[in-house]
Protein chains: 2
Amino acid sequence: MVTTTARDSDLASALVQTMHRLQDLHAETSRPLGLTPQQAHLLCVLITGPLGMTELSRILSIERSSLTSMVDRLERRDLVARVANPADRRACRIELTPAGKDLAHQCHDAVVDRIATLTGDLPAATRTTLTTALKSILTQ
Amino acid sequence: MVTTTARDSDLASALVQTMHRLQDLHAETSRPLGLTPQQAHLLCVLITGPLGMTELSRILSIERSSLTSMVDRLERRDLVARVANPADRRACRIELTPAGKDLAHQCHDAVVDRIATLTGDLPAATRTTLTTALKSILTQ
DNA sequence: TATTGTTATACTCTATAACTATA
DNA sequence: TATAGTTATAGAGTATAACAATA
């Protein structure tokens with residue numbers, strides 16, 4: 001059906017543009033805090049608790065070897081620490097230091113604030129629909 | 001108001017997660033085509049016509065000096081070309097070669113297909129609401 | 001003087017392949 | 001043998017500062 005096809009690509013296009021807009025916004029909020037967007041993402045993922053290298057690499061969608069050097073750099077700045085895992089001597093767990101935790105929360109709050117500003121003009125009903133729709137997309 | 005605050009951060013959180021999901025999807029569709037996500041973005045931006053370095057750097061949100069090396073690499077692969085701008089001898093215009101145009105369209109179509117699959121289960125009314133809401137966010 | 005684009009330099013991000021240590 | 005994480009290496013993305021050519 002022609003109408004449906006047009007509407008699908010409109011939505012896809014809007015989602016792609018939104019992705020780029022949010023990437024920029026994410027970079028703009030990370031930079032003044034002295035972080036790359038990737039570093040900010042890593043720190044924010046650790047807010048809910050320490051993670052092993054393999055699990056963290058899966059969440060961030062990067063290779064473990066790439067993660068090693070990222071963690072090296074953050075550890076040098078005392079933002080994260082490698083902690084031994086008593087249950088498995090091969091493994092370690094990456095956790096936020098107090099300074100890292102503070103910075104992670106600053107990042108998180110700054111991004112949420114910026115996005116809240118962007119979406120503030122939407123009617124409550126639209127925000128609810130949007131949230132529900134996005135969540136359903138994410139669970140696929 | 002507590003309820004509004006909670007709803008705002010839910011939406012912000014859903015948008016951030018969607019951004020990351022779409023970034024992964026974008027990387028996954030670019031890679032088999034032999035492109036990084038940034039290269040794919042650059043090629044797709046040029047689909048609508050040639051652009052100067054300054055304008056292109058603004059659209060991609062990167063410094064002109066960073067763009068120079070990206071264009072160098074794509075030019076070496078004959079995907080883009082630097083064309084002289086007769087109106088201004090300092091400037092050049094970056095345009096897609098036939099191979100670049102082909103690849104750009106492949107990228108674009110692949111991403112739209114993947115996203116259409118993700119959003120295919122949403123009711124038509126929700127898709128419309130979503131599209132309208134995202135467009136209104138983007139114009140801010 | 002201002003603008004367009006490039007060069008030089010230094011980091012960061014990323015993947016692949018090979019490796020060590022432990023399970 | 002399989003898994004957790006690292007090392008070595010190479011290439012790509014990015015910013016800052018300084019520059020050449022043209023407007």
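Worth knowing before you read on, the calculation uses all heavy atoms, side chains too, and leaves out hydrogens, waters and symmetry mates. Every chain is numbered from 1, with letters handed out A, B, ... down the list of sequences.
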Quiz item: Relative to the 5' end of DNA chain C, which residue comes earlier, B/D72 or A/R76, by the nucleotide with the nearest heavy atom?
Solution: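 With B/D72 and A/R76 compared, the 5'-side residue is B/D72.
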Rounded to whole angstrom units, what separation is found between the [atom1] atom of [X] and the [atom2] atom of [N]?
X: A/R89; N: C/dT20; atom1: CZ; atom2: P; answer: 18 Å
X: A/R82; N: D/dT7; atom1: CZ; atom2: C1'; answer: 12 Å
X: A/N85; N: D/dT3; atom1: CG; atom2: P; answer: 17 Å
X: B/E28; N: C/dA15; atom1: CD; atom2: P; answer: 11 Å
X: A/M70; N: D/dG5; atom1: CE; atom2: C1'; answer: 16 Å
X: B/Q38; N: D/dT14; atom1: CD; atom2: C1'; answer: 10 Å

Quiz item: Under 4.0 angstrom, heavy atoms only, what part of the nucleic acid is A/R93 near: base, sugar-phosphate, or nothing?
Solution: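 Nothing, no heavy atom under 4.0 Å.
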Quiz item: Hey, what's the ring geometry for B/H26 with B/H41, parallel, tilted or perpendicular (30° and 60° as the breaks)?
Solution: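 Perpendicular, since the angle between the ring planes exceeds 60°.
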Self-check item: B/A12 versus A/V112, closest heavy-atom pair with distance
Solution: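 Scanning both residues completely, I find the closest heavy atoms to be CB-CG1, 4.1 Å.
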Quiz item: Roughly how far, to the nearest 0.5 Å, is the CZ atom of B/R73 from the CE atom of B/M70?
Solution: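 Atom-to-atom, B/M70:CE and B/R73:CZ are 7.0 Å apart.
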Practice problem: Would you mind checking if B/D72 and B/R82 are paired as a salt bridge, meaning a charged N to carboxylate O distance below 4.0 Å? | Solution: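 Salt bridge present between B/R82 and B/D72.
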Quiz item: Can you hop from A/L103 to A/L25 via hydrophobic side chains spaced under 4.5 Å?
Solution: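 No: no chain of side-chain contacts under 4.5 Å links A/L103 to A/L25.
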Quiz item: Does B/D88 or A/S66 map to a spot on DNA chain D nearer the 5' end, using the closest nucleotide for each?
Solution: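 The residue closer to the strand's 5' end, by nearest nucleotide, is A/S66.
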It should be established whether [X] places a side-chain nitrogen or oxygen under 4.0 Å from OP1 or OP2 of nucleotide [N].
X: A/R31; N: D/dT16; answer: yes
X: B/R90; N: C/dG5; answer: no
X: A/R73; N: C/dC13; answer: yes
X: A/T36; N: C/dC13; answer: yes

Quiz prompt | Passing candidate, side chain to side chain contact (heavy atoms under 4.5 Å, CB included) with A/L56, options A/I94, A/V80, A/I62 | solution =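 By the side chain to side chain contact (heavy atoms under 4.5 Å, CB included) criterion, A/L56 pairs with just one of A/I94, A/V80, A/I62: A/I94.
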Practice problem: Taking only heavy atoms on the protein side, list every residue of residues 39-65 of chain B lying under 4.0 Å from any atom of DNA chain C, sorted numerically. | Solution: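 Going residue by residue through residues 39-65 of chain B, the ones with a heavy atom under 4.0 Å of DNA chain C turn out to be B/G52, B/M53, B/T54, B/R64, B/S65.
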Quiz prompt | Derivation of the side chain to side chain donor-acceptor pair (under 3.5 Å) call for B/T131 and A/D10 | solution = CA-CA 7 Å; B/T131 306; A/D10 276 359; over 6 Å; no
